[in-house]
Amino acid sequence: MRLLEAVHARMRTRHLSRRTEQAYVGWIRRFIGFHRRRHPREMGEREVGEFLTSLAVHENVSASTQNQALAALQFLYLDVLGMPFSVGALVTRAKRGRRLPEVLSRAEVARVLAQLSGRARLVATLLYGSGLRLEECLSLRVKDVDAVERIVSVRAGKGNKDRMSVLPEGAVAAMLVQLGRVRQLHASDAAAGVEVPLPDAFERKQPSAGRELGWQWVFPASRPTGEIGAHPVRYHLHPSVIQREMSRAVKAAGITKRAGCHTLRHSFATHLLESGYDIRTIQQLLGHRDVRTTMIYTHVSRRGSLGVVSPADGLG
């Protein structure tokens, strides 16, 4: 436990995201369990190579999954334990394949949204209409939504980066209704002493911010689920709530594609590309660090290779 506490502490000082922290700790646990609970200080590059090779050979994981496990163990040895680390040829690498993102057509998106209602429909509309990741959407606070200018501000998104995206015109009315509900909930929470958690060290800089309306979640959880000091705390809606609703909606819409919440973000980028928006604009809206990541959507856009008329169609 002391080792994992040191891992958590080091990650907090590096300001790694919560999901990265969870993933790294999970891989470190699996590594220790693989070697029958030996302490990492007693092991080295050979044991790391055996673990990573087992992932590729016996568990048939993807190259990206193996690389994530390697990154977690690099962090453990270099940043936490301060030990030299280099596996090199000791690892059998998983084969890196090329996968195209699953994309829904506009008609399919409309059918999915028609199967949703309330906050689940609003969240799905933002995933498709603003290109947000699910965690980014659920982490929105009241101050991040500008219904007048039709802007949504993403704070500390993937890679700890801020960006702005468009608020869909069709979501404005539902968003105003949702913000009205948040105001009512905030009034009752303020009377009961319920606060929301604040990012990083902001709580020390402005302790009262957690009780202000601007810092409340746009999609709050149904009840307080924790405590900070003497105050009960309300977190945002858990992603699994929306994921379950999305899964049900896809089936109800009769869609056979392997679609989920992130599929709506892929569809956002692809449909913008088909509408004639340039790749740099789409890159900024998605928050991609490298334009090559955004370029993947050119392979699923019907303006690209799928927009070609087959020569077979010209036959008599």
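Model, not experiment: these values are computed from the prediction. Side chains included, hydrogens not; waters and symmetry mates left out as well; all remaining heavy atoms used. Just so you know, residue 1 is the first one in the sequence shown, and it goes up from there.
At most 12 heavy atoms of other shown residues, nucleotides or ligands fall within 6.0 angstrom of atom CE in M164. Within a 6.0 Å radius of CE in M83, more than 12 heavy atoms belonging to other residues, nucleotides or ligands are found.
Between R10 and E5 no salt bridge is recorded (no basic side-chain N to carboxylate O distance below 4.0 Å). Under a 4.0 Å N-O distance rule, the pair R211/E195 qualifies as a salt bridge. Here K158 does not pair with E135 in a salt bridge; the nearest charged N to carboxylate O distance is not below 4.0 Å. Ion pair R37/E42 not flagged as a salt bridge, since none of the NZ, NE, NH1 or NH2 atoms sits closer than 4.0 Å to an Asp/Glu carboxylate oxygen. A salt bridge does not link D278 to R280: none of the charged nitrogens lies less than 4.0 Å from a carboxylate oxygen. The pair E245-R121 does not meet the salt-bridge criterion, since no charged nitrogen lies less than 4.0 angstrom from a carboxylate oxygen.
Side chains of T270 and S267: a donor-acceptor N/O pair is absent below 3.5 angstrom, by distance only.
A cation-pi arrangement is present between R141 and W217 under the rule of less than 6.0 angstrom and at most 45 degrees off the ring axis.
Separation of the Y297 and H266 ring centroids falls under the 6.0 Å cut-off. If you look at F268 and Y128, their ring centroids are not closer than 6.0 Å.
Considering CG of L52 and CZ of F34, their distance stands at 9.5 Å, rounded to 0.5 Å. Taken to the nearest 0.5 Å, the CD atom of E102 stands 12.0 Å off from the CG atom of L264. Atom CG of L76 sits about 6.0 Å away from atom CG of L3, to the nearest 0.5 Å. A distance of 11.0 Å separates CZ of R183 from CD of Q178, quoted to the nearest 0.5 Å.
The nearest pair of heavy atoms linking K143 to R155 is NZ-NE, 4.0 Å.
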